Colleague: 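I am attaching a structure below and will ask some questions about it afterwards.
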Amino acid sequence: MILIDKNQIQQRVIELAKEIDNSRDLTHPLTVISILNGSIVFTADLIRQLNGYIYLDSIKASSYKGTTSTGVLAINNLNHIDNIENTDILLVDDILDTGLTLHNITNVISNMKPKSLKTCVLLDKKECRKVPFEATFVGFNIPNNFVIGYGLDHNGLYRNRPDIHTLDS
Ligand code: IMP
Ligand code: MG
């Protein structure tokens, strides 16, 4: 079943980019860090709606096997990130669920002393938190269903679907 169709996503991405731009000084660069693989599609659309000077980087994190979080978070690529001391960072993820991914990654990045650190997620399953975490910018609040499409996968598949579906279809 389609939960959020591609037109709704496109409209919300435009609004989110406006919210992000309105919160920053457009004369200063912003480093967008995409959390791979899930947020590839969202990040690609989001950065093309942002104005000013945008750097793009990425890190890889994974904690899911099937539809359940293993609770074990692997963070790779972090040392590929250029020196982020004194830079404004926007961390982008596809979905906020238990909160473990963003809780851990924001801790690691905060220790690298960026000038500012904000987070943006397309989807938020608020009722699933295991650790307290709120993203600075949220696209859609959704119920506790496993969703696929628009970058979100189930065992690596369905990331290519343009709409967001619940897994049952
Ligand atoms: P958290 O660490 O539990 O907040 O989970 C965040 C990560 O889990 C996301 O970046 C996704 O990769 C994955 N995830 C959580 N819920 C879903 C879902 O419904 N569909 C696909 N991936 C999900
Ligand atoms: Mg992910």
Side-chain angles (χ1 to χ4, degrees), residues 1-10 12-13 16-17 19-20 31-47 49-50 56-81 84 89-112 114 117-169:
M1 190 189 80
I2 292 183
L3 187 66
I4 307 169
D5 73 33
K6 57 177 188 282
N7 296 321
Q8 292 172 279
I9 299 171
Q10 188 186 31
R12 187 67 187 116
V13 169
L16 273 175
E19 289 175 33
I20 293 164
T31 299
V32 173
I33 302 178
S34 181
I35 304 177
L36 306 180
N37 292 323
S39 71
I40 284 185
V41 178
F42 175 42
T43 306
D45 284 346
L46 185 69
I47 58 169
Q49 300 296 333
L50 292 172
L56 177 63
D57 218 323
S58 61
I59 54 180
K60 192 162 168 75
S62 45
S63 66
Y64 262 71
K65 208 172 167 53
T67 57
T68 45
S69 174
T70 61
V72 182
L73 185 82
I75 303 177
N76 302 308
N77 287 12
L78 249 187
N79 38 13
H80 288 223
I81 292 197
I84 59 178
I89 306 277
L90 179 70
L91 254 182
V92 178
D93 207 358
D94 49 0
I95 185 165
L96 185 48
D97 181 34
T98 64
L100 286 166
T101 304
L102 279 172
H103 175 82
N104 283 305
I105 294 178
T106 51
N107 276 346
V108 173
I109 292 182
S110 296
N111 288 336
M112 298 163 104
L117 175 57
K118 290 177 182 163
T119 52
C120 178
V121 295
L122 181 66
L123 306 174
D124 189 352
K125 294 199 267 195
K126 276 200 188 314
E127 54 190 282
C128 299
R129 289 297 191 283
K130 289 185 181 156
V131 289
F133 191 90
E134 294 305 324
T136 321
F137 305 99
V138 174
F140 300 93
N141 288 297
I142 61 165
N144 181 15
N145 286 323
F146 196 83
V147 288
I148 50 145
Y150 197 72
L152 293 135
D153 73 303
H154 179 240
N155 287 334
L157 287 177
Y158 313 119
R159 296 192 196 276
N160 54 315
R161 293 206 184 173
D163 307 293
I164 293 170
H165 305 246
T166 48
L167 188 59
D168 46 66
S169 58

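Start at 1 and go down the list; that is how both ligands and their atoms are numbered. This is a predicted model, so every value here is computed, not measured.
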Colleague: Looking at ligand 1, does N145 have a heavy atom less than 4.0 Å from it?
Modeller: yes
Colleague: Could you go through I95 and I142, starting from their C-alpha distance and side-chain angles, then the distance that decides it, and tell me whether this counts as side-chain contact (heavy atoms from CB on, under 4.5 Å)?
Modeller: CA-CA 10 Å; I95 185 165; I142 61 165; 4.1 Å; yes
Colleague: Sequence neighbours excluded, which residues qualify as side-chain hydrogen bond (donor to acceptor under 3.5 Å, both in side chains) partners of R129?
Modeller: D124
Colleague: Does K130 reach ligand 1, in the sense of a heavy atom lying below 4.0 Å from it?
Modeller: no
Colleague: Establish, from distance only, whether the side-chain atoms of S34 and S39 form a donor-acceptor pair under 3.5 Å.
Modeller: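 Yes, side-chain donor-acceptor contact under 3.5 Å.
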Colleague: Within the 4.0 Å heavy-atom shell around D153, which atoms of ligand 1 are there?
Modeller: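 Near D153, the atoms of ligand 1 are 21 (C).
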Colleague: Which pair of non-hydrogen atoms, one from K125 and one from N145, has the smallest distance, and what is that distance?
Modeller: NZ-O, 3.2 Å
Colleague: Going by the atom numbers of ligand 1, which of them fall below 4.0 Å from some non-hydrogen atom of D93?
Modeller: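 Here the atoms of ligand 1 in question are 10 (O).
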Colleague: Under 3.5 Å, N or O to N or O, is V147 touching ligand 1 that way?
Modeller: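 It does: an N or O of V147 is found under 3.5 Å from an N or O of ligand 1.
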Colleague: Residue-level breakdown please: for I95 versus ligand 1, do any non-hydrogen atoms fall below 4.0 Å on the side chain, on the backbone, on both, or on neither?
Modeller: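 Both backbone and side chain.
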Colleague: Where's the contact between H154 and ligand 1, heavy-atom distance under 4.0 Å: side chain, backbone, both or neither?
Modeller: neither
Colleague: Under 3.5 Å between any N/O of G99 and any N/O of ligand 1: does that happen in this structure?
Modeller: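 Yes, since at least one N or O of G99 sits under 3.5 Å from an N or O of ligand 1.
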Colleague: Counting each atom of ligand 1 from 1 as listed, which ones have a heavy atom of K125 under 4.0 Å away?
Modeller: 16 (N), 17 (C), 18 (C), 19 (O)
Colleague: Does F137 CZ have over 12 foreign heavy atoms under 6.0 Å away?
Modeller: yes
Colleague: Of the backbone atoms (N, CA, C, O) and the side-chain heavy atoms from C-beta on, which set of T98 has a member under 4.0 Å from an atom of ligand 1: side chain, backbone, both, or neither?
Modeller: both
Colleague: Using a strict 4.0 Å cut-off to heavy atoms of L100, name the atoms of ligand 1 that fall inside it.
Modeller: 2 (O), 4 (O)
Colleague: Fit a plane to each ring of F146 and H154, take the angle between them on a 0 to 90° scale, and name the class: parallel (under 30°), tilted (30 to 60°) or perpendicular (over 60°).
Modeller: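 It falls in the perpendicular class, over 60°.
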Colleague: Please assess E19 against L16 for the test side-chain contact (heavy atoms from CB on, under 4.5 Å), listing each intermediate value before the final yes or no.
Modeller: CA-CA 5 Å; E19 289 175 33; L16 273 175; 4.2 Å; yes
Colleague: Only counting residues at least two apart or in another chain, list the ones meeting side-chain hydrogen bond (donor to acceptor under 3.5 Å, both in side chains) with E134.
Modeller: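 Partners of E134 by the side-chain hydrogen bond (donor to acceptor under 3.5 Å, both in side chains) criterion, ordered by chain and then number, come out as K126.
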